[in-house]
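A, B, ... follow the sequence lines: proteins, then strands. Residue 1 opens every chain.
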Amino acid sequence: MRFALLGVAIFFIILWYLSFSATRLDRLHHRVETSWANLDGLLQRRAAIALELAHSDRADPASSLLLTAAAYQARDASIVNRSHAESGLSGALGLLQNDLTLESKPAEQELLRELSELTNKIRVAIAIHVDAVNRTRAVRSKLIFKVFRLAGSAPLPVTFEFEDDVL
Amino acid sequence: MFKAKKLRIGIVCPYGWDTPGGVQAHVGDLADYLISQGHSVSVLAPAIDENSLPPYVVSAGKPIAIPYNGAVARVLFGPIAFSRVRQWIVQGNFDLLHLHEPAIPSLSLLACWAADGPMVGTFHASSKRQRAIFAVGPILEPVIEKLAVRIAVSEAARETLTAHLETDAIVIPNGIVGEKFRAGVARPEWSGNTIGFMGRFEEPRKGLGVLLEALPMVARMVPDIRALVAGPGDSDEFMKKVHPQIRNRVTFLGRLNEEQKADFLKSVSLYVAPNTGGESFGIILAEAMAAGAPVVASDIPAFASLLGQGKYGALFKSEDATNLARTIAELLKDKGWRDEIAALGQEHSRVFDWGTVAKQIFSVYEMAMVGGGGVRLASDTRSWTRLLNREGEN
(Lines give C-alpha, C1' and ligand atoms only; values in the text may rest on other atoms or scores of the structure.)
Protein backbone atom coordinates (compact mmCIF):
# COMPACT_ATOMS: atom_id res chain seq x y z
CA MET A 1 0.00 0.00 0.00
CA ARG A 2 2.74 2.37 1.00
CA PHE A 3 4.68 1.54 -2.16
CA ALA A 4 1.62 2.14 -4.24
CA LEU A 5 1.21 5.58 -2.67
CA LEU A 6 4.85 6.37 -3.25
CA GLY A 7 4.50 5.23 -6.82
CA VAL A 8 1.49 7.46 -7.37
CA ALA A 9 3.36 10.40 -5.80
CA ILE A 10 6.36 9.89 -8.08
CA PHE A 11 4.07 9.53 -11.07
CA PHE A 12 2.43 12.87 -10.27
CA ILE A 13 5.78 14.56 -9.74
CA ILE A 14 6.94 13.34 -13.14
CA LEU A 15 3.68 14.48 -14.67
CA TRP A 16 4.06 17.90 -13.06
CA TYR A 17 7.65 18.18 -14.27
CA LEU A 18 6.63 17.30 -17.82
CA SER A 19 3.85 19.88 -17.82
CA PHE A 20 6.24 22.43 -16.29
CA SER A 21 8.80 21.72 -19.02
CA ALA A 22 6.18 21.91 -21.76
CA THR A 23 5.03 25.31 -20.45
CA ARG A 24 8.62 26.45 -20.35
CA LEU A 25 9.22 25.48 -23.96
CA ASP A 26 5.93 26.98 -25.06
CA ARG A 27 6.95 30.27 -23.49
CA LEU A 28 10.26 30.17 -25.36
CA HIS A 29 8.55 29.47 -28.70
CA HIS A 30 6.21 32.33 -28.04
CA ARG A 31 9.17 34.60 -27.28
CA VAL A 32 10.91 33.64 -30.53
CA GLU A 33 7.80 34.60 -32.48
CA THR A 34 7.16 37.89 -30.72
CA SER A 35 10.80 38.97 -30.77
CA TRP A 36 10.96 38.22 -34.48
CA ALA A 37 7.74 40.13 -35.14
CA ASN A 38 9.15 43.07 -33.21
CA LEU A 39 12.49 43.00 -35.02
CA ASP A 40 10.80 42.59 -38.40
CA GLY A 41 8.56 45.57 -37.67
CA LEU A 42 11.51 47.77 -36.71
CA LEU A 43 13.46 46.77 -39.80
CA GLN A 44 10.44 47.53 -41.98
CA ARG A 45 10.18 50.95 -40.40
CA ARG A 46 13.84 51.54 -41.11
CA ALA A 47 13.29 50.66 -44.76
CA ALA A 48 10.36 53.08 -44.87
CA ILE A 49 12.51 55.89 -43.45
CA ALA A 50 15.19 55.05 -45.99
CA LEU A 51 12.66 55.45 -48.79
CA GLU A 52 11.53 58.78 -47.40
CA LEU A 53 15.12 59.96 -47.27
CA ALA A 54 15.66 58.76 -50.82
CA HIS A 55 12.75 60.89 -51.98
CA SER A 56 13.86 64.03 -50.13
CA ASP A 57 15.18 66.80 -52.38
CA ARG A 58 18.61 66.77 -50.76
CA ALA A 59 19.41 63.32 -52.09
CA ASP A 60 21.12 63.37 -55.49
CA PRO A 61 19.74 60.96 -58.12
CA ALA A 62 22.58 58.44 -57.75
CA SER A 63 22.37 57.99 -53.98
CA SER A 64 18.59 58.16 -54.18
CA LEU A 65 18.63 55.24 -56.63
CA LEU A 66 21.05 53.29 -54.46
CA LEU A 67 18.99 53.83 -51.34
CA THR A 68 15.69 52.96 -53.01
CA ALA A 69 17.11 49.74 -54.39
CA ALA A 70 18.61 48.76 -51.05
CA ALA A 71 15.39 49.53 -49.19
CA TYR A 72 13.29 47.40 -51.53
CA GLN A 73 15.81 44.60 -51.37
CA ALA A 74 15.68 44.63 -47.56
CA ARG A 75 11.89 44.60 -47.61
CA ASP A 76 11.55 41.73 -50.02
CA ALA A 77 14.44 39.58 -48.82
CA SER A 78 13.67 36.04 -47.71
CA ILE A 79 14.62 35.18 -44.15
CA VAL A 80 17.87 33.57 -45.31
CA ASN A 81 19.04 36.66 -47.20
CA ARG A 82 17.63 39.14 -44.72
CA SER A 83 20.78 39.84 -42.76
CA HIS A 84 22.75 40.43 -45.95
CA ALA A 85 20.10 42.72 -47.41
CA GLU A 86 19.83 44.72 -44.17
CA SER A 87 23.56 45.35 -44.04
CA GLY A 88 23.32 46.51 -47.65
CA LEU A 89 20.74 49.04 -46.54
CA SER A 90 22.94 50.10 -43.61
CA GLY A 91 25.77 50.76 -46.04
CA ALA A 92 23.58 52.85 -48.32
CA LEU A 93 22.18 54.80 -45.36
CA GLY A 94 25.67 55.40 -44.02
CA LEU A 95 26.79 56.92 -47.32
CA LEU A 96 23.85 59.27 -47.51
CA GLN A 97 23.83 60.16 -43.83
CA ASN A 98 27.29 61.70 -44.09
CA ASP A 99 26.13 64.03 -46.84
CA LEU A 100 22.79 64.86 -45.32
CA THR A 101 23.97 65.88 -41.87
CA LEU A 102 26.06 68.69 -43.34
CA GLU A 103 23.19 70.90 -44.44
CA SER A 104 19.64 69.77 -44.35
CA LYS A 105 16.16 70.99 -43.63
CA PRO A 106 14.34 70.38 -40.35
CA ALA A 107 12.22 67.65 -41.94
CA GLU A 108 15.28 65.65 -42.87
CA GLN A 109 16.93 66.31 -39.54
CA GLU A 110 13.83 64.83 -37.95
CA LEU A 111 14.09 61.75 -40.18
CA LEU A 112 17.74 61.31 -39.30
CA ARG A 113 17.01 61.63 -35.60
CA GLU A 114 14.27 59.04 -35.88
CA LEU A 115 16.64 56.80 -37.79
CA SER A 116 19.29 56.92 -35.09
CA GLU A 117 16.69 56.14 -32.41
CA LEU A 118 15.46 53.27 -34.50
CA THR A 119 18.99 51.96 -34.97
CA ASN A 120 19.45 51.75 -31.20
CA LYS A 121 16.19 49.89 -30.86
CA ILE A 122 17.08 47.46 -33.63
CA ARG A 123 20.36 46.71 -31.89
CA VAL A 124 18.48 45.69 -28.73
CA ALA A 125 15.84 43.81 -30.71
CA ILE A 126 18.50 41.76 -32.50
CA ALA A 127 20.11 40.82 -29.17
CA ILE A 128 16.74 39.76 -27.76
CA HIS A 129 15.79 37.69 -30.79
CA VAL A 130 19.15 35.95 -31.14
CA ASP A 131 19.05 35.11 -27.43
CA ALA A 132 15.52 33.72 -27.66
CA VAL A 133 16.44 31.51 -30.60
CA ASN A 134 19.61 30.23 -28.94
CA ARG A 135 17.81 29.44 -25.69
CA THR A 136 15.00 27.62 -27.44
CA ARG A 137 17.41 25.52 -29.44
CA ALA A 138 19.47 24.74 -26.33
CA VAL A 139 16.39 23.65 -24.38
CA ARG A 140 15.02 21.58 -27.25
CA SER A 141 18.27 19.68 -27.55
CA LYS A 142 17.89 18.32 -23.99
CA LEU A 143 17.09 14.65 -23.71
CA ILE A 144 13.79 14.90 -21.82
CA PHE A 145 12.39 17.31 -24.41
CA LYS A 146 13.31 14.94 -27.21
CA VAL A 147 12.12 11.74 -25.57
CA PHE A 148 8.69 13.10 -24.66
CA ARG A 149 8.43 15.21 -27.83
CA LEU A 150 7.53 18.23 -25.74
CA ALA A 151 8.07 20.57 -28.67
CA GLY A 152 5.14 18.93 -30.45
CA SER A 153 4.96 19.99 -34.06
CA ALA A 154 6.51 23.45 -33.56
CA PRO A 155 9.26 24.04 -36.12
CA LEU A 156 12.80 24.46 -34.82
CA PRO A 157 13.51 28.22 -34.78
CA VAL A 158 15.88 29.42 -37.47
CA THR A 159 19.24 30.60 -36.20
CA PHE A 160 19.37 33.96 -37.85
CA GLU A 161 22.96 35.10 -37.85
CA PHE A 162 22.96 38.86 -37.91
CA GLU A 163 26.36 39.95 -39.01
CA ASP A 164 27.96 42.71 -37.01
CA ASP A 165 27.55 45.22 -39.82
CA VAL A 166 23.78 44.87 -40.04
CA LEU A 167 23.50 48.32 -38.51
CA MET B 1 6.01 61.53 -32.42
CA PHE B 2 3.25 59.40 -30.95
CA LYS B 3 2.57 59.75 -27.28
CA ALA B 4 3.79 56.82 -25.19
CA LYS B 5 1.16 54.91 -23.28
CA LYS B 6 1.27 55.28 -19.51
CA LEU B 7 2.23 52.00 -17.92
CA ARG B 8 1.72 50.23 -14.63
CA ILE B 9 5.19 49.06 -13.67
CA GLY B 10 6.10 46.78 -10.79
CA ILE B 11 9.72 46.87 -9.60
CA VAL B 12 11.15 44.34 -7.16
CA CYS B 13 14.16 45.22 -5.03
CA PRO B 14 15.76 42.17 -3.37
CA TYR B 15 17.61 43.99 -0.56
CA GLY B 16 16.28 45.69 2.56
CA TRP B 17 15.09 49.20 1.70
CA ASP B 18 16.33 50.70 4.99
CA THR B 19 19.96 49.73 4.35
CA PRO B 20 21.76 52.05 1.93
CA GLY B 21 23.12 50.29 -1.12
CA GLY B 22 23.71 50.59 -4.82
CA VAL B 23 20.75 48.48 -5.92
CA GLN B 24 18.35 50.29 -3.57
CA ALA B 25 19.54 53.69 -4.81
CA HIS B 26 19.19 52.56 -8.42
CA VAL B 27 15.64 51.31 -7.86
CA GLY B 28 14.68 54.51 -6.02
CA ASP B 29 16.04 56.80 -8.75
CA LEU B 30 14.46 54.71 -11.51
CA ALA B 31 11.08 54.76 -9.74
CA ASP B 32 11.32 58.55 -9.26
CA TYR B 33 12.09 59.02 -12.93
CA LEU B 34 9.30 56.74 -14.17
CA ILE B 35 6.80 58.47 -11.88
CA SER B 36 7.93 61.85 -13.18
CA GLN B 37 7.12 60.57 -16.68
CA GLY B 38 3.56 59.82 -15.59
CA HIS B 39 3.78 56.06 -15.16
CA SER B 40 2.41 54.39 -12.09
CA VAL B 41 5.09 52.51 -10.19
CA SER B 42 5.01 50.12 -7.26
CA VAL B 43 8.23 48.88 -5.67
CA LEU B 44 8.19 45.68 -3.63
CA ALA B 45 11.08 45.47 -1.15
CA PRO B 46 11.90 44.04 2.26
CA ALA B 47 11.79 46.74 4.94
CA ILE B 48 12.36 46.95 8.69
CA ASP B 49 10.44 50.14 9.32
CA GLU B 50 7.29 50.18 7.24
CA ASN B 51 6.36 53.72 8.28
CA SER B 52 9.37 55.50 6.83
CA LEU B 53 8.94 54.22 3.27
CA PRO B 54 8.25 56.45 0.27
CA PRO B 55 4.63 56.13 -0.93
CA TYR B 56 5.48 53.91 -3.90
CA VAL B 57 7.28 51.24 -1.83
CA VAL B 58 5.34 48.21 -0.59
CA SER B 59 6.97 46.25 2.20
CA ALA B 60 7.16 42.48 1.83
CA GLY B 61 8.28 41.94 5.42
CA LYS B 62 11.43 42.23 7.50
CA PRO B 63 14.66 41.22 5.75
CA ILE B 64 16.84 38.37 6.95
CA ALA B 65 20.61 38.99 7.14
CA ILE B 66 22.53 36.18 5.47
CA PRO B 67 26.18 35.94 4.50
CA TYR B 68 26.33 36.00 0.72
CA ASN B 69 29.24 36.48 -1.63
CA GLY B 70 31.58 37.67 1.13
CA ALA B 71 29.24 40.30 2.55
CA VAL B 72 26.05 40.40 4.58
CA ALA B 73 23.00 40.57 2.35
CA ARG B 74 19.62 41.62 3.74
CA VAL B 75 17.23 39.50 1.74
CA LEU B 76 13.82 37.95 2.13
CA PHE B 77 12.36 34.60 1.13
CA GLY B 78 10.16 31.84 2.50
CA PRO B 79 6.51 30.84 2.16
CA ILE B 80 5.10 34.02 3.71
CA ALA B 81 7.23 36.25 1.50
CA PHE B 82 6.19 34.15 -1.50
CA SER B 83 2.52 34.60 -0.79
CA ARG B 84 3.04 38.37 -0.35
CA VAL B 85 4.79 38.49 -3.71
CA ARG B 86 1.87 36.69 -5.35
CA GLN B 87 -0.61 38.97 -3.67
CA TRP B 88 1.32 42.03 -4.85
CA ILE B 89 1.38 40.71 -8.42
CA VAL B 90 -2.37 40.04 -8.44
CA GLN B 91 -3.32 43.36 -6.86
CA GLY B 92 -0.86 45.41 -8.93
CA ASN B 93 -2.35 44.35 -12.27
CA PHE B 94 0.98 45.37 -13.85
CA ASP B 95 1.83 45.79 -17.50
CA LEU B 96 5.42 44.88 -16.77
CA LEU B 97 7.68 43.64 -13.97
CA HIS B 98 11.26 44.84 -13.54
CA LEU B 99 13.20 42.47 -11.27
CA HIS B 100 16.56 43.46 -9.82
CA GLU B 101 19.17 40.79 -9.11
CA PRO B 102 16.85 37.86 -9.89
CA ALA B 103 19.70 35.39 -9.33
CA ILE B 104 19.96 36.30 -5.63
CA PRO B 105 17.84 34.18 -3.27
CA SER B 106 15.36 36.93 -2.49
CA LEU B 107 12.11 38.60 -3.59
CA SER B 108 13.06 39.07 -7.24
CA LEU B 109 13.65 35.36 -7.71
CA LEU B 110 10.32 34.61 -6.03
CA ALA B 111 8.54 37.13 -8.26
CA CYS B 112 10.18 35.67 -11.36
CA TRP B 113 8.96 32.24 -10.30
CA ALA B 114 5.45 33.40 -9.46
CA ALA B 115 4.72 35.62 -12.45
CA ASP B 116 4.16 35.15 -16.14
CA GLY B 117 4.17 37.86 -18.77
CA PRO B 118 6.49 40.72 -19.72
CA MET B 119 9.42 40.71 -17.31
CA VAL B 120 12.79 42.47 -17.43
CA GLY B 121 15.68 41.57 -15.13
CA THR B 122 18.66 43.71 -14.18
CA PHE B 123 21.86 42.08 -12.99
CA HIS B 124 24.10 44.31 -10.89
CA ALA B 125 26.70 42.10 -9.27
CA SER B 126 29.87 40.80 -10.76
CA SER B 127 31.89 38.03 -9.21
CA LYS B 128 34.38 35.44 -10.24
CA ARG B 129 33.05 32.10 -11.36
CA GLN B 130 31.98 30.32 -8.20
CA ARG B 131 31.27 26.67 -7.81
CA ALA B 132 28.27 27.33 -5.57
CA ILE B 133 26.53 29.52 -8.12
CA PHE B 134 27.52 27.15 -10.88
CA ALA B 135 25.83 24.31 -9.00
CA VAL B 136 22.50 26.09 -8.70
CA GLY B 137 22.61 27.12 -12.37
CA PRO B 138 20.33 24.30 -13.56
CA ILE B 139 17.76 25.25 -10.92
CA LEU B 140 17.86 28.95 -11.75
CA GLU B 141 17.93 28.47 -15.52
CA PRO B 142 14.21 27.84 -16.16
CA VAL B 143 13.34 30.74 -13.85
CA ILE B 144 15.77 33.29 -15.26
CA GLU B 145 14.67 32.19 -18.73
CA LYS B 146 11.24 33.71 -18.11
CA LEU B 147 12.76 37.19 -18.29
CA ALA B 148 12.03 38.59 -21.72
CA VAL B 149 15.10 40.83 -21.57
CA ARG B 150 18.11 40.77 -19.29
CA ILE B 151 20.04 43.94 -18.54
CA ALA B 152 23.55 44.02 -17.07
CA VAL B 153 24.81 47.28 -15.54
CA SER B 154 28.36 46.77 -16.83
CA GLU B 155 30.52 44.53 -18.99
CA ALA B 156 31.76 42.86 -15.78
CA ALA B 157 28.20 42.06 -14.71
CA ARG B 158 27.43 40.76 -18.17
CA GLU B 159 30.45 38.45 -18.14
CA THR B 160 29.39 37.08 -14.75
CA LEU B 161 25.97 36.33 -16.15
CA THR B 162 27.36 34.63 -19.23
CA ALA B 163 29.72 32.50 -17.16
CA HIS B 164 27.25 31.46 -14.47
CA LEU B 165 23.96 31.14 -16.30
CA GLU B 166 25.02 30.88 -19.93
CA THR B 167 22.77 33.65 -21.01
CA ASP B 168 23.46 36.99 -22.61
CA ALA B 169 22.38 40.46 -21.56
CA ILE B 170 22.15 43.99 -22.85
CA VAL B 171 24.47 46.45 -21.12
CA ILE B 172 22.79 49.60 -19.81
CA PRO B 173 24.88 51.52 -17.27
CA ASN B 174 23.76 52.66 -13.85
CA GLY B 175 22.27 56.13 -13.73
CA ILE B 176 23.34 59.20 -11.77
CA VAL B 177 21.54 62.46 -11.15
CA GLY B 178 24.17 64.37 -13.09
CA GLU B 179 22.89 67.91 -12.55
CA LYS B 180 23.13 67.46 -8.78
CA PHE B 181 26.86 66.85 -9.07
CA ARG B 182 27.44 69.49 -11.74
CA ALA B 183 25.83 71.97 -9.30
CA GLY B 184 28.37 71.23 -6.54
CA VAL B 185 30.20 74.25 -5.04
CA ALA B 186 33.91 74.14 -4.19
CA ARG B 187 34.51 74.66 -0.46
CA PRO B 188 37.80 76.27 0.62
CA GLU B 189 38.44 73.77 3.44
CA TRP B 190 38.47 70.90 0.94
CA SER B 191 40.39 72.71 -1.81
CA GLY B 192 44.10 73.02 -2.49
CA ASN B 193 46.33 70.05 -3.11
CA THR B 194 43.75 67.58 -1.86
CA ILE B 195 42.97 64.06 -2.91
CA GLY B 196 39.53 62.68 -2.16
CA PHE B 197 38.48 59.16 -1.26
CA MET B 198 34.93 58.05 -0.62
CA GLY B 199 33.48 54.77 0.61
CA ARG B 200 33.42 52.29 3.47
CA PHE B 201 37.13 52.69 4.11
CA GLU B 202 37.37 49.80 6.59
CA GLU B 203 36.73 47.27 3.83
CA PRO B 204 40.12 46.21 2.43
CA ARG B 205 38.76 45.89 -1.12
CA LYS B 206 38.00 49.63 -1.18
CA GLY B 207 41.78 50.07 -1.20
CA LEU B 208 42.32 52.96 1.22
CA GLY B 209 45.38 51.02 2.42
CA VAL B 210 46.95 51.36 -1.02
CA LEU B 211 46.32 55.11 -1.03
CA LEU B 212 47.81 55.57 2.46
CA GLU B 213 50.86 53.56 1.43
CA ALA B 214 51.32 55.88 -1.55
CA LEU B 215 50.81 59.07 0.46
CA PRO B 216 54.34 59.40 1.99
CA MET B 217 55.85 59.03 -1.50
CA VAL B 218 53.52 61.70 -2.85
CA ALA B 219 54.37 63.98 0.11
CA ARG B 220 58.03 63.96 -0.90
CA MET B 221 57.11 65.44 -4.29
CA VAL B 222 54.09 67.52 -3.25
CA PRO B 223 54.73 68.77 0.32
CA ASP B 224 51.28 70.27 1.01
CA ILE B 225 49.32 67.18 -0.01
CA ARG B 226 46.21 66.27 2.02
CA ALA B 227 44.01 63.19 1.83
CA LEU B 228 40.32 63.64 2.62
CA VAL B 229 38.45 60.44 3.44
CA ALA B 230 34.66 60.49 3.38
CA GLY B 231 32.45 57.58 4.28
CA PRO B 232 31.04 55.62 7.20
CA GLY B 233 33.33 53.71 9.58
CA ASP B 234 35.36 53.93 12.77
CA SER B 235 38.00 56.51 11.86
CA ASP B 236 39.77 56.54 15.28
CA GLU B 237 40.39 52.84 15.00
CA PHE B 238 41.59 53.16 11.43
CA MET B 239 43.87 56.11 12.27
CA LYS B 240 45.90 53.86 14.61
CA LYS B 241 46.93 51.83 11.59
CA VAL B 242 48.04 54.93 9.68
CA HIS B 243 51.76 55.69 9.77
CA PRO B 244 52.39 58.43 12.43
CA GLN B 245 54.32 60.62 9.95
CA ILE B 246 51.33 61.12 7.68
CA ARG B 247 48.56 61.22 10.28
CA ASN B 248 48.32 65.01 10.08
CA ARG B 249 47.78 64.78 6.33
CA VAL B 250 44.77 62.49 6.58
CA THR B 251 41.35 63.88 7.52
CA PHE B 252 38.29 61.72 8.07
CA LEU B 253 35.06 63.53 7.24
CA GLY B 254 32.56 60.83 8.17
CA ARG B 255 29.48 60.16 6.15
CA LEU B 256 28.49 63.00 3.80
CA ASN B 257 24.96 63.81 2.67
CA GLU B 258 24.18 64.17 -1.04
CA GLU B 259 24.79 67.91 -1.15
CA GLN B 260 28.06 67.68 0.75
CA LYS B 261 29.07 64.84 -1.55
CA ALA B 262 28.66 67.04 -4.63
CA ASP B 263 30.63 69.88 -2.99
CA PHE B 264 33.32 67.43 -1.88
CA LEU B 265 33.79 66.04 -5.38
CA LYS B 266 33.84 69.56 -6.81
CA SER B 267 36.48 70.76 -4.29
CA VAL B 268 39.16 68.07 -4.38
CA SER B 269 42.05 68.38 -6.82
CA LEU B 270 41.95 64.67 -7.55
CA TYR B 271 39.49 61.90 -6.83
CA VAL B 272 41.20 58.57 -6.16
CA ALA B 273 39.51 55.16 -6.37
CA PRO B 274 42.12 52.59 -5.36
CA ASN B 275 39.66 49.66 -5.14
CA THR B 276 41.35 46.30 -5.45
CA GLY B 277 38.38 44.41 -6.89
CA GLY B 278 34.81 43.32 -6.33
CA GLU B 279 33.42 46.34 -8.16
CA SER B 280 30.89 45.83 -10.89
CA PHE B 281 30.31 49.38 -12.06
CA GLY B 282 31.92 52.18 -10.02
CA ILE B 283 29.09 54.69 -9.79
CA ILE B 284 31.20 56.98 -7.59
CA LEU B 285 33.58 57.49 -10.52
CA ALA B 286 30.68 58.59 -12.72
CA GLU B 287 29.60 61.00 -9.97
CA ALA B 288 33.12 62.38 -9.52
CA MET B 289 33.38 62.88 -13.28
CA ALA B 290 30.02 64.68 -13.35
CA ALA B 291 31.24 67.03 -10.59
CA GLY B 292 34.29 67.78 -12.71
CA ALA B 293 36.90 66.09 -10.54
CA PRO B 294 39.88 64.56 -12.32
CA VAL B 295 39.75 60.86 -11.51
CA VAL B 296 42.54 58.41 -10.73
CA ALA B 297 41.43 54.79 -10.48
CA SER B 298 42.92 51.33 -10.24
CA ASP B 299 42.90 49.43 -13.52
CA ILE B 300 40.38 46.78 -12.44
CA PRO B 301 38.11 45.85 -15.39
CA ALA B 302 35.02 47.78 -14.22
CA PHE B 303 36.96 51.03 -13.71
CA ALA B 304 39.07 50.69 -16.85
CA SER B 305 35.92 50.24 -18.90
CA LEU B 306 34.09 53.13 -17.20
CA LEU B 307 37.07 55.45 -17.75
CA GLY B 308 37.35 54.49 -21.43
CA GLN B 309 40.65 52.66 -20.80
CA GLY B 310 42.22 55.82 -19.39
CA LYS B 311 40.69 58.41 -21.70
CA TYR B 312 38.35 60.02 -19.14
CA GLY B 313 40.59 59.55 -16.11
CA ALA B 314 44.03 58.24 -15.18
CA LEU B 315 44.52 54.56 -14.40
CA PHE B 316 47.21 53.04 -12.20
CA LYS B 317 48.23 49.44 -11.68
CA SER B 318 45.85 48.00 -9.07
CA GLU B 319 47.43 47.45 -5.61
CA ASP B 320 50.68 49.10 -6.75
CA ALA B 321 51.24 52.00 -4.31
CA THR B 322 54.38 53.25 -6.07
CA ASN B 323 52.58 53.45 -9.36
CA LEU B 324 49.69 55.26 -7.69
CA ALA B 325 52.05 57.75 -5.98
CA ARG B 326 53.71 58.58 -9.28
CA THR B 327 50.38 59.04 -11.06
CA ILE B 328 49.06 61.34 -8.32
CA ALA B 329 52.23 63.43 -8.18
CA GLU B 330 52.39 63.84 -11.96
CA LEU B 331 48.77 64.90 -12.12
CA LEU B 332 49.06 67.35 -9.23
CA LYS B 333 52.01 69.05 -10.90
CA ASP B 334 50.41 69.23 -14.33
CA LYS B 335 47.27 71.38 -14.14
CA GLY B 336 46.78 71.25 -17.91
CA TRP B 337 46.56 67.47 -17.94
CA ARG B 338 44.29 67.50 -14.90
CA ASP B 339 41.90 69.99 -16.49
CA GLU B 340 41.90 68.01 -19.71
CA ILE B 341 40.84 64.67 -18.20
CA ALA B 342 38.37 66.45 -15.93
CA ALA B 343 36.72 68.15 -18.91
CA LEU B 344 36.63 64.94 -20.96
CA GLY B 345 35.30 63.06 -17.94
CA GLN B 346 32.56 65.58 -17.26
CA GLU B 347 31.47 65.45 -20.88
CA HIS B 348 31.48 61.64 -20.88
CA SER B 349 29.57 61.43 -17.59
CA ARG B 350 26.44 62.60 -19.41
CA VAL B 351 25.89 59.08 -20.75
CA PHE B 352 25.17 58.09 -17.14
CA ASP B 353 22.54 60.79 -16.63
CA TRP B 354 19.24 59.28 -15.58
CA GLY B 355 17.48 60.92 -18.50
CA THR B 356 19.69 59.02 -20.95
CA VAL B 357 19.81 55.77 -19.01
CA ALA B 358 16.09 55.61 -18.24
CA LYS B 359 15.25 56.18 -21.89
CA GLN B 360 17.28 53.09 -22.76
CA ILE B 361 15.60 51.10 -20.00
CA PHE B 362 12.19 52.24 -21.20
CA SER B 363 12.90 51.19 -24.75
CA VAL B 364 13.75 47.74 -23.35
CA TYR B 365 10.40 47.78 -21.53
CA GLU B 366 8.64 48.45 -24.81
CA MET B 367 10.34 45.49 -26.42
CA ALA B 368 9.58 43.19 -23.52
CA MET B 369 5.91 44.09 -23.85
CA VAL B 370 5.65 43.15 -27.51
CA GLY B 371 3.24 40.26 -27.73
CA GLY B 372 0.87 41.96 -25.36
CA GLY B 373 -0.77 40.73 -22.22
CA GLY B 374 -0.01 42.04 -18.78
CA VAL B 375 1.64 40.34 -15.83
CA ARG B 376 -0.32 37.49 -14.24
CA LEU B 377 0.43 34.56 -11.97
CA ALA B 378 2.23 31.72 -13.71
CA SER B 379 -0.05 28.77 -14.48
CA ASP B 380 2.04 26.33 -12.45
CA THR B 381 1.87 28.49 -9.33
CA ARG B 382 -1.79 29.24 -10.01
CA SER B 383 -2.79 25.61 -9.52
CA TRP B 384 -0.54 25.55 -6.47
CA THR B 385 -2.44 28.52 -5.03
CA ARG B 386 -5.77 26.86 -5.75
CA LEU B 387 -4.60 23.74 -3.96
CA LEU B 388 -3.44 25.74 -0.93
CA ASN B 389 -6.68 27.68 -0.78
CA ARG B 390 -8.73 24.50 -0.88
CA GLU B 391 -6.69 23.17 2.00
CA GLY B 392 -7.32 26.38 3.85
CA GLU B 393 -11.06 26.05 3.42
CA ASN B 394 -11.26 22.58 4.91
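Salt bridge annotation for A:R24-B:E141: present, with a cationic side-chain nitrogen under 4.0 angstrom from a carboxylate oxygen.
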Is there a side chain to side chain contact (heavy atoms under 4.5 Å, CB included) between A:R27 and B:D116 once you walk through the steps? CA-CA 9 Å; A:R27 191 158 43 221; B:D116 223 343; 3.3 Å; yes

Working for side chain to side chain contact (heavy atoms under 4.5 Å, CB included), residues B:M367 and A:L42: CA-CA 11 Å; B:M367 281 184 208; A:L42 290 173; 4.1 Å; yes

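Taking the salt bridge (Lys or Arg N to Asp or Glu O under 4.0 Å) definition, one finds that A:R31 meets it with nothing, sequence neighbours left out. Partners of B:F123 by ring-ring contact (aromatic ring centres under 6.0 Å, His included), not counting sequence neighbours: none found.
For chain A, the nearby part of B:L147 is the backbone; its heavy atoms alone come within less than 4.5 Å. In this structure, chain B has heavy atoms under 4.5 Å from both the backbone and the side chain of A:A125.
Under the side-chain contact (heavy atoms from CB on, under 4.5 Å) rule, A:D131 has a single partner from B:I170, B:V149, B:D168, which is B:D168.
Remark: A:I128 CD1 to B:R150 CZ distance equals 9.0 Å, nearest 0.5 Å. A distance of 9.5 Å separates CG in A:N38 from CD in B:E366, rounded to the nearest 0.5 Å. We find the CG-CD distance between A:L25 and B:E145 to be 8.5 Å, quoted to the nearest 0.5 Å.
Atom NZ of A:K142 has more than 12 heavy atoms from other residues, nucleotides or ligands within 6.0 Å. Within 6.0 Å of atom CD1 in B:I80, 12 or fewer heavy atoms from other residues, nucleotides or ligands are found, so the atom counts as exposed in its surroundings. By the 6.0 Å contact criterion, OH on A:Y72 is open, its count of non-hydrogen atoms from other residues, nucleotides or ligands being 12 or less.
Here the closest non-hydrogen pair linking A:K121 and B:S363 is CG-OG, 4.0 Å.
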